There are 2 protein chains.
Amino acid sequence: MKSDALRGHLDALLLATLDDGELHGYAIIEALQRRSGGALDLPTGTVYPALRRLERAGHVASEWSTVAGRKRRTYRLTGAGRRALSDERAAWREFTTAIEGVLGGGPWPEQA
Amino acid sequence: MKSDALRGHLDALLLATLDDGELHGYAIIEALQRRSGGALDLPTGTVYPALRRLERAGHVASEWSTVAGRKRRTYRLTGAGRRALSDERAAWREFTTAIEGVLGGGPWPEQA
DNA sequence: CGATGTTAGGTAGACAGACTACATATAGCG
DNA sequence: CGCTATATGTAGTCTGTCTACCTAACATCG
């Protein structure tokens with residue numbers, strides 16, 4: 001998968017991943033792999049900064065915990081995050097509709 | 001529409017627009033507007049450089065002509081461009097499948 | 001004739017978001 | 001002890017798109 005393709009859609013992915021319950025960063029990456037059928041394998045250098053961006057924006061909140069001696073920062077959606085996710089899903093539908101209108105192909109009707 | 005969302009998909013759009021026949025740059029922009037239902041309104045500063053990139057890559061070829069005193073550079077798909085378009089369409093399907101696997105939502109089955 | 005708008009093409013530079021590469025630390029296994 | 005998996009993080013780069021601008025011919029209105 002071309003790497004730039006993701007641009008502008010990463011936030012939606014992260015928020016959607018947290019929609020099923022709180023997760024820590026590493027687990028988010030694994031969830032993305034699983035749910036995308038292996039197509040998405042995001043590097044930590046992409047995900048961690050993005051999570052902090054989302055936290056600054058108030059869309060997620062985090063708490064530290066320690067599990068089996070390892071520190072984890074567990075993220076969960078905030079109310080604003082849930083609304084943002086809803087907006088992102090709508091934006092995704094608009095986006096794909098627009099692109100598919102073009103890619104969809106076939107000869108196009110002249111404007112009536 | 002968030003502007004970055006387009007990243008990595010612009011080439012596909014341009015190639016698809018030319019798939020129905022040759023067009024000059026300005027007409028491509030209008031065709032994109034029409035076919036996307038008005039959602040895509042790409043500035044010339046985005047489209048013209050992208051077309052030159054595609055020409056350098058050998059995916060389109062261009063010829064100058066003059067219509068009603070105005071110079072036009074008319075673009076058409078090359079054979080390589082047609083193959084590239086096919087690849088882009090496949091990549092688009094993979095991309096949306098991956099994203100929708102994540103966004104698609106609902107609780108997710110644990111890996112069996 | 002001058003102003004404005006439409007058609008048409010173009011460039012330079014900024015910007016932002018994702019990536020590469022690197023650094024850190026603990027636990028468990030051989 | 002070294003290696004792998006788990007887990008988090010930063011610095012700097014890269015690149016494609018956008019913003020803002022410029023040029024030019026023609027048409028129309030006043």
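Worth saying up front: this structure is predicted, and the values here are computed from it rather than measured. What's counted below: heavy atoms across the whole structure, side chains too, no hydrogens, waters or symmetry copies.
Just one of A/Arg73, A/Lys71, A/Arg76 meets the salt bridge (Lys or Arg N to Asp or Glu O under 4.0 Å) condition when paired with A/Glu63; it is A/Arg76.
Checking A/Glu55 against A/Ser62 by side-chain atom types alone, a donor-acceptor pair falls below 3.5 Å.
Counting non-hydrogen atoms under 4.0 angstrom, B/Arg73 reaches the backbone sugars and phosphates but no base. Within 4.0 Å of A/Gly69, counting heavy atoms only, lie sugar-phosphate atoms of the nucleic acid but no base atom. As judged by a 4.0 angstrom heavy-atom cut-off over every strand, A/Gly25 is placed among residues touching the sugar-phosphate backbone only. When heavy atoms are screened at a 4.0 angstrom cut-off, B/Ala68 is found touching the sugar-phosphate backbone but no base atom. Using a 4.0 Å heavy-atom cutoff across all strands shown, A/Arg72 reaches sugar-phosphate atoms only and no base atom.
In this structure, B/Phe95 and B/His9 have tilted ring planes: the angle between them lies in the 30° to 60° band.
In this structure, the CH2 atom of B/Trp64 is 7 Å from the P atom of C/dG9, given to the nearest Å. We find that CD1 of A/Ile28 is positioned 12 Å from P of D/dA7, with the value rounded to whole Å. B/Leu14 has its CG atom 13 Å from the P atom of D/dG16, to the nearest Å. Rounded to whole Å, the distance from NE2 on B/His24 to P on D/dA25 is 17 Å. One atom, OH of A/Tyr75, and another, P of D/dA7, lie 14 Å apart when rounded to the nearest Å. The separation between A/His9 atom NE2 and C/dG17 atom P is 13 Å, rounded to whole Å. Atom OH in B/Tyr48 sits about 16 Å away from atom P in D/dA24, given to the nearest Å. Atoms CG (B/Leu6) and P (D/dG16) sit 13 Å apart, rounded to a whole Å.
Listed pair A/Arg7 / D/dT15 fails the phosphate criterion, with no side-chain N or O lying under 4.0 Å from OP1 or OP2. Using a 4.0 Å cut-off, some side-chain N or O of B/Tyr26 falls inside it from OP1 or OP2 of C/dT7. Checking the phosphate oxygens (OP1, OP2) of D/dT8, no side-chain nitrogen or oxygen of A/Arg52 falls inside 4.0 Å. Within the structure, every side-chain polar atom (N or O) of A/Thr44 is placed at least 4.0 Å from both OP1 and OP2 of D/dT8. Between B/Arg70 and C/dT6 there is no side-chain polar atom (N or O) within less than 4.0 angstrom of OP1 or OP2.
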Candidate pair A/Leu40 and A/Leu6, rule side chain to side chain contact (heavy atoms under 4.5 Å, CB included), full reasoning: CA-CA 10 Å; A/Leu40 294 174; A/Leu6 225 40; 4.1 Å; yes

Residue pair A/Asp19, A/Arg89: steps toward the side chain to side chain contact (heavy atoms under 4.5 Å, CB included) verdict: CA-CA 12 Å; A/Asp19 198 27; A/Arg89 281 202 233 256; 3.0 Å; yes

